[in-house]
Amino acid sequence: MNFSKAKVLLFLLLLITFSVSAQIADTIKVSQFGVKSNSYLNASKGIRQALEKCKGKQNVVLQLPGGRIDLWPEDAVKKEIYISNSTESDTLSKVKNIGFFFDYLKNVTLDGNNTLVILHGKMVSFALFNCQNIQIKNVQFDYERPTMSELTITSVSPTAIKMKIHPDSRYFIENGKIGFYGEGWKSNSHHTISLDPKNDLMRYSSFELFLKAKAKTIQEEKRTVLFEGDFAKANYKVGDVLSIRDTYRDNCGGFITLSKDIVLSNVKMHFMHGLGIVSQFAENITLSKVIVAPREDSGRVISSFADCFHFSGCKGKILVDGCKTSGSHDDPINVHGTHLKISEITADKKIKVQFMHHQTYGFEAFFAGDSISFVSPQTLKPIILGKLKSAKLIGKKEMELVLDGQISDKVNVGDVIENITWTPEVTIRNSRFERTNTRGLLITTRRKVLIENNIFYRTGMHAILIANDASSWFESGPVKDVTIRNNTFEECAYNSGTIINIAPENHELVSGYYVHRNIRIENNLFKIFDKSILSARSTDGLVFVNNTINPSDLLPAGSNENSFTLTACNNVIIKKNHFNTSWKPKIATSKMTKKQVKTDIKDLNIK
C-alpha cells in the first residue's frame, strides 16, 4: 500500500470514528449533583446544576434516578414569564419558579426513567426557552398539594350536607366557615365544578351556598365536615365530588417558547396549576402518549386547573398522538393565534397595537419578516395583507410595528392584526378526551387540520369548537382545511350546545364572504342523547357525510329538534348519514337559500 492510499484510509477511518462518536450521546446523571431517589429532600439545586452542565454539548442525555424526587421553589430557577391566556392583568409579580429550566439548549434528551417529580408550592414543571431538538420522556409530574381542593358528598338532607375532604386538600374552619390553603397560598375565591363519578358527568356548581351567613361548618371525625343550612333546593347527591379552585391564573404546567423541534413522549402530568402545557411561539411540537390525569392511586379526580394542551401563536407542525386527558376544569386542547388591536397609526407610518384580553399580554406576538393580515373586528374579513420590517414590544401590553411598504388607506385604528406566519398545521389522532365540563378541542388555524381516530367521551360542551374572534378572547384564526374523520363522539354536549360547533364571532355578515372554509366531517360515530349534532355559521364548503348516529338513554332528550343549524353558510353537503334513531333529523337554516344546501334529509327549513 502506498503512502497516499494510507493517508486516504486513515482520513476515512477518522471521519467514521468522528461520525460515530458524534451520534453517541453524553449521559449526565442528576445523581452526580446530589439528587437522590426517595430522599424527600429539595432537588431543585441539583436539577438546575445538571441542566447547566448540558450547555455547549452536541448531544446529551440527562437521566433522572427513578423513584420520587421533590422540588421546592427554594433553589429553583426564577424567571419573569408572560404566558398566553394565563397572565392576570395586575401589578403582582409574574416571576415563576421553574423545576426544569432548558435555556438555549440543543440536542438534549431528558430521560425521566419513570421518575415521579413532586412539586411544592406553585411551580412550572418545565420551561424551554430558545431551544432546539429537545425530548422529554418517561417522566411524571405531580403536586404535593394541588391548588384544587376536592370534597366528596357522603350524606344529603334539606338541612345538612356532609362531605369527606380529600387527604391532599388542606383546609381550615374559622368562625363557622371553611377555607382552603396550600404551600404558600390561600384561596380567595371558590370556583366549583361537580363530578358525578358514576356517569363521568361534570357540571358547573357553586360553593357559595356553603359559605352563606346562615350556613355553618362543623368539624366532625377526621377530614369530615358537616355543613348546616338551608339545602332544600340544592341539587346535590351522595357520591358527587366537588372540585374547588381560586380562579386566579398565575402559572402553567409546562412552558415552551421560541423553541423548535420539541418532543414530549410518555409524559404524565398528574396536576397542572394555572394552565396546562403551553406552547407559545414555538415550532414543530410533538406530544406522544402524554397523559393528563390524576395518579391512579391518588383518589383525586382533577388533573388540570384549566386547559391541558394550549398552543398560542405556534407554527410548523403540531402533532398530538396517543394522548389522554381526564379531569380538566377547561378545554383539553386549544390552538389559536392572537388578534392585536390597532391603537395608533403615527405620522411616520408606525403602527401601535395592543393586547386586548386581560390574561394575554407581555410577550412578542410579531417579529421582523412576519406576514400579517389586517382584519375587520366586526366582520372578521381580511382587509389587506402585509409584511413587517420590524416589530418590538414597547410596553407589557403594546407593540410597535413597521411595515415593509406603505400602510394602506383601508386600514384604520380599531382594526385588528393577525400574525399569519405563526400559524401551525395540526394533527390530533388516536387520543381520548374525558371528564371535562367544557369543550374538547378548540381549533383556529388557517393551515391544514386533521382530527382522526379520537374518542370524545362526555365532554360537557362542544366536543369540537372552531371559533375565531376579535371581541372577547381575541383568539385568531380562520380555518381553510379541516378534516374530522373516524372519531367517536360519545354523549357530548350534555351541558349545552351542539357536539360540533363552527362559531366565528363575526357580528356583521358580509354578502359573499365566509369566515371559515373547507370543513369535512366524515365516517364518525355519534352516540347522542339529544338531537343537536352540528351548528355552523359563515362557513363555505361544509361537508357532513357517511357518519353514523346512534341514540343514548344517558339523559332525556332536550327540546332542540334540529340536528343541524346553519347560519349564512354556503356549499353545504349533508348526505349519506345513518340515523339509527326513532326520530328523523331536521335542518334549520337562516340567511341562506335552498341552493346552498345539498342534502338527502327531507325536513329542511330555509329562512
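We count residues from 1, following the sequence as given.
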| request: Find out whether the Lys NZ or Arg CZ of Arg249 is both under 6.0 angstrom from the six-membered ring centre of Phe305 and within 45° of the ring's axis. | output: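 No, Arg249 does not lie over the aromatic ring of Phe305.
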
| message | Is the positively charged end of Lys79 above the ring of Phe255, judged by distance under 6.0 angstrom from the centroid and angle within 45° of the axis? | response |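 So Lys79 doesn't make the cation-pi contact.
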
Is the number of heavy atoms from other residues, nucleotides or ligands within 6.0 Å of [atom1] ([X]) greater than 12?
X      : atom1 : value
Tyr104 : OH    : no
Lys94  : NZ    : yes
Lys122 : NZ    : yes
Glu296 : CD    : no
Lys397 : NZ    : yes
Lys78  : NZ    : yes

| Without hydrogens or angle criteria, can the side chains of Ser169 and Glu150 be said to hold a donor-acceptor pair below 3.5 Å? |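 There is no such pair (donor and acceptor under 3.5 Å, judged by atom type) between the side chains of Ser169 and Glu150.
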
| query | Between Asp90 and His358, does any side-chain donor sit less than 3.5 Å from a side-chain acceptor? | reply |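 The criterion, which ignores hydrogens and geometry beyond distance, is not satisfied for His358 and Asp90.
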
| query | With respect to Ile136, which candidate in Asp111, Leu62, Leu128, Thr109 satisfies the side-chain contact (heavy atoms from CB on, under 4.5 Å) definition? | reply |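 That would be Leu128.
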
| message | If the test is side-chain contact (heavy atoms from CB on, under 4.5 Å), which one of Val292, Leu441, Ile464 qualifies with Phe433? | response |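 One option only clears the test, and that one is Leu441.
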
N/O donor-acceptor pairs under 3.5 Å from side chains in residues 472-482, not counting sequence neighbours:
from   : atom 1 : to     : atom 2 : distance (Å)
Ser472 : OG     : Asp469 : OD2    : 3.0
Ser472 : OG     : Glu505 : OE1    : 3.1
Ser472 : OG     : Glu505 : OE2    : 3.4
Glu475 : OE1    : Asn334 : ND2    : 3.4
Glu475 : OE2    : Asn85  : ND2    : 2.8
Ser476 : OG     : Thr338 : N      : 3.0

| query | Just by distance, do the side chain of Lys341 and the backbone of Val413 share a donor-acceptor pair under 3.5 Å? | reply |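 No; judged by distance alone, with no hydrogens or angles, the pair does not exist.
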
| query | Counting distance only, does the side-chain N/O of Asp404 pair as donor-acceptor with the main-chain N or O of Leu388 below 3.5 Å? | reply |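 Between the backbone of Leu388 and the side chain of Asp404 there is no qualifying donor-acceptor contact (under 3.5 Å).
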
| Ring centres of Tyr361 and Tyr82 under 6.0 Å apart? |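 Here the rings of Tyr82 and Tyr361 have centres that are less than 6.0 Å from each other.
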
| Only one of Glu144, Glu74, Glu183 forms a side-chain hydrogen bond (donor to acceptor under 3.5 Å, both in side chains) with His120, so which one is it? |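 Of the listed residues Glu144, Glu74, Glu183, the side-chain hydrogen bond (donor to acceptor under 3.5 Å, both in side chains) partner of His120 is Glu183.
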
| task | Determine the interplanar angle of the Tyr143 and Phe271 rings, folded into 0 to 90°, and report it as parallel if under 30°, tilted if 30 to 60°, perpendicular if over 60°. | result |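 It falls in the perpendicular class, over 60°.
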
| Do the charged groups of Asp370 and Lys315 touch, with an N to O distance under 4.0 Å? |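 Lys315 and Asp370: not salt-bridged.
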
